[in-house]
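For reference, the structure discussed in these notes is given below.
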Amino acid sequence: MSQFNENAKWRYATKKFDAFKKVSAEDLATLKEAIRLSASSFGLQLYKVIVVENPEVRAKLKEASWGQAQVVDASHLIVFANQTTVTDTDVDSYIQNTANTRNIPLDSLSGFSDYMKSTIKNIPDDIKPIWTSKQTYIALSNLLNAAAELKIDVTPMEGFVAAQYNEILGLDKLNLNAALVAPIGYRHEEDATQHVAKVRKSNQDLFITI
């Protein structure tokens with residue numbers, strides 16, 4: 001069995017973190033890079049990732065997370081916030097970054113730029129935040145897999161009040177919305193969930209071959 005699958009079996013949604021064990025700066029940098037390298041639609045990465053360390057802020061966020069202790073006990077709290085608007089400026093920034101990264105003329109990308117802009121303009125305004133929020137799940141997946149390789153625990157969370165997160169973190173002013181929360185750190189030895197069998201559908205029930 002591959003190491004990837006072994007890591008996937010090892011990880012679980014940690015219910016109780018060891019509040020005294022902290023993720024090192026080196027490992028945190030590795031996780032950030034894994035998130036940064038995530039795939040996204042058109043490669044635009046229409047979201048921001050907030051790493052919350054401040055204990056006072058995290059205490060407020062705990063209240064906005066139905067009192068879930070992972071928010072304050074984990075080493076770090078990562079918030080994935082999707083853009084609520086998408087404009088030509090987002091495309092222009094990506095195109096400029098592409099030209100700089102690949103050392104190619106900016107005008108050579110004009111066709112691709114026009115295609116992206118026209119495609120995005122055809123997405124209804126009320127659908128765009130849904131589209132951008134979906135991209136955060138891809139980034140979360142990269143975080144889960146990279147963390148499992150480092151034997152760092154992650155608890156993906158949708159159980160929070162986004163509007164309160166947005167207010168506490170000032171996301172509204174940045175045209176951002178809290179889409180996902182992921183406390184990271186190390187499981188507490190008293191967390192009984194780590195000892196129970198992982199429950200997943202069988203291949204027969206999950207996969208359809210056509």
Take Q83 and N175 through the test side-chain contact (heavy atoms from CB on, under 4.5 Å) and record every step on the way to the result. CA-CA 6 Å; Q83 291 184 201; N175 293 319; 6.0 Å; no

Would W66 and V71 satisfy side-chain contact (heavy atoms from CB on, under 4.5 Å), going step by step from the backbone distance to the final call? CA-CA 10 Å; W66 305 336; V71 171; over 6 Å; no

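- Side-chain contact, N100 with Q96: a donor N or O sits under 3.5 Å from an acceptor N or O.
- Salt bridge absent: E6 and K9 never bring a charged side-chain N and a carboxylate O closer than 4.0 Å.
- Between R58 and L77 the shortest side-chain heavy-atom distance falls below 4.5 Å.
- No hydrogens or angles considered: nothing links the side chains of Y137 and N82 as a donor-acceptor pair under 3.5 Å.
- With no hydrogens or angles considered, a side-chain donor-acceptor pair links S38 and N142 at under 3.5 Å.
- No option in V23, L28, L31, I184 other than L31 meets the side-chain contact (heavy atoms from CB on, under 4.5 Å) test with L150.
- A side chain to side chain donor-acceptor pair (under 3.5 Å) with K117 holds for exactly one of N122, D92, D90, D88; it is D92.
- A side-chain N or O of Q3 and one of N7 form a donor-acceptor pair less than 3.5 Å apart.
- Checked by atom type, the side-chain pair S40/Y47 shows no donor-acceptor distance below 3.5 Å.
- The aromatic rings of F160 and Y165 sit tilted relative to each other, their planes meeting at an angle between 30° and 60°.
- Side-chain contact check for I120 versus K128: some heavy-atom pair is nearer than 4.5 Å.
- Using a 4.5 Å heavy-atom threshold, the side chains of F17 and R187 count as separate.
- Using modelled atom types and a 3.5 Å distance limit, the side chains of Q70 and T14 yield no donor-acceptor pair.
- For NZ of K15, the number of neighbouring non-hydrogen atoms (other residues, nucleotides, ligands) closer than 6.0 Å is greater than 12.
- Contact annotation: the side chain of L106 approaches that of I95 to within less than 4.5 Å [non-hydrogen atoms, C-beta and beyond].
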